[in-house]
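These notes are about the structure you will find just below.
The figures here come from the full heavy-atom set of this structure, side chains too, leaving out hydrogens, waters and symmetry mates. All ligand and atom numbering here is 1-based and tracks the order in the structure. Throughout, numbering of the chain's residues begins at 1 and tracks the sequence.
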Amino acid sequence: MKIHSEQEMLDFGEHFTPINNVIELVGDVGSGKTTFTRGFAKGLGIKESITSPSFTISKSYACKNGKTLIHYDFYRLQDPGLMSEDLKENLQNQNNIIVIEWSDTVKNLLPKNHTTITIKYNDDGTRKVEIS
Ligand code: ADP
Ligand code: MG
């Protein structure tokens, strides 16, 4: 799929319905992972603004349907340590919808059937999005 602008990425996120509760976002810095998450949060009825959780590693938001969106960003975290325990625990709770940026160090914890969204830059600034 080709995404032409930031707004289109927000719209894609807003209308994205995952088949399970865990979404892994793969793509370089600035590809649009957090932008996707902003749109996705809007679709879940979250009014708060979504900021990158790079320093806190995770942020939680209450969804309109009573579920909780948990946004993780493991960027540059060599050893996820305690946060991997936190992730493990949150993965057990079916009330959580979990979005993860930079999941390399916690890949082994993710359920086999999670959704992966891969975002790639194109030379013209558009993004190529693949869902698997
Ligand atoms: P990441 O979380 O992957 O590092 P961000 O979502 O934080 O990336 O940043 C993506 C940046 O690229 C934003 O500044 C956004 O405005 C810009 N942008 C430009 N075109 C697009 C597009 N087609 N899709 C997503 N973001 C885009
Ligand atoms: Mg980001």
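- At a 4.0 Å heavy-atom cut-off, ligand 1 touches His4 through the backbone alone.
- At least one side-chain heavy atom of Pro18 sits less than 4.5 Å from a side-chain heavy atom of Phe40.
- Nearest protein heavy-atom contact of atom 19 (C) of ligand 1 is Arg127 NH2, 3.6 Å.
- Under the 4.5 Å side-chain criterion, counting only non-hydrogen atoms from C-beta, Asn21 is not in contact with Asn96.
- Within 6.0 Å of the NZ atom in Lys67, the count of heavy atoms belonging to other residues, nucleotides or ligands exceeds 12.
- His71 is listed as a side-chain neighbour of Glu101, based on a closest heavy-atom distance under 4.5 Å.
- The shell of residues lying under 4.0 angstrom from ligand 1, judged by heavy atoms, includes Asp28.
- Contacts between Ser52 and ligand 1, counted as non-hydrogen atom pairs separated by less than 4.0 Å, are absent for every part of the residue.
- A heavy-atom distance below 4.5 Å is found between the side chains of Leu110 and Ile100.
- Set against the non-hydrogen atoms of Met9, the atoms of ligand 1 under 4.0 Å away are 24 (N), 25 (C).
- For the pair Leu109/Ser84, a side-chain contact is recorded, criterion being any heavy-atom separation below 4.5 Å from C-beta on.
- Near Glu101, meaning under 4.0 Å from any of its heavy atoms, are these atoms of ligand 1: 2 (O).
- Looking only at protein heavy atoms, the nearest one to atom 5 (P) of ligand 1 is Thr35 OG1, 3.7 Å.
- If you look at Ile119 next to ligand 1, there are no close heavy atoms at all, none under 4.0 Å.
- If you look at Glu101 and ask which of its N, O or S atoms sits nearest the Mg ion (ligand 2), the answer is OE1.
- Residues Lys59 and Thr37 are not in side-chain contact: their nearest non-hydrogen atoms beyond the backbone lie 4.5 Å or more apart.
- By the 3.5 Å distance cut-off applied to N or O atoms, Gly30 is counted among the residues near ligand 1.
- Listed by atom number, the atoms of ligand 1 under 4.0 Å from Val29 heavy atoms are 4 (O).
- The N/O atoms of Gly32, backbone and side chain alike, include one that comes under 3.5 Å of an N/O atom in ligand 1.
- Nearest protein heavy-atom neighbour of atom 7 (O) of ligand 1: Thr34 CB, 3.7 Å.
- Within the 4.5 Å cutoff, no side-chain heavy atoms of Glu14 are placed close to those of Leu10.
- Counting heavy atoms closer than 4.0 Å to ligand 1, residue Glu6 contributes atoms from both its backbone and its side chain.
- Taking 2.8 Å as the criterion, Thr34 counts as a coordinating residue of the Mg ion (ligand 2), since one of its N, O or S atoms falls below it.
- Applying the side-chain contact (heavy atoms from CB on, under 4.5 Å) test to Thr116 and every residue at least two apart in sequence or in another chain returns Glu24, Val26, His114, Thr118, Ser132.
- Using bins of under 30°, 30° to 60° and over 60° for the plane-to-plane angle, the ring pair Tyr75/Trp102 lands in the tilted bin.
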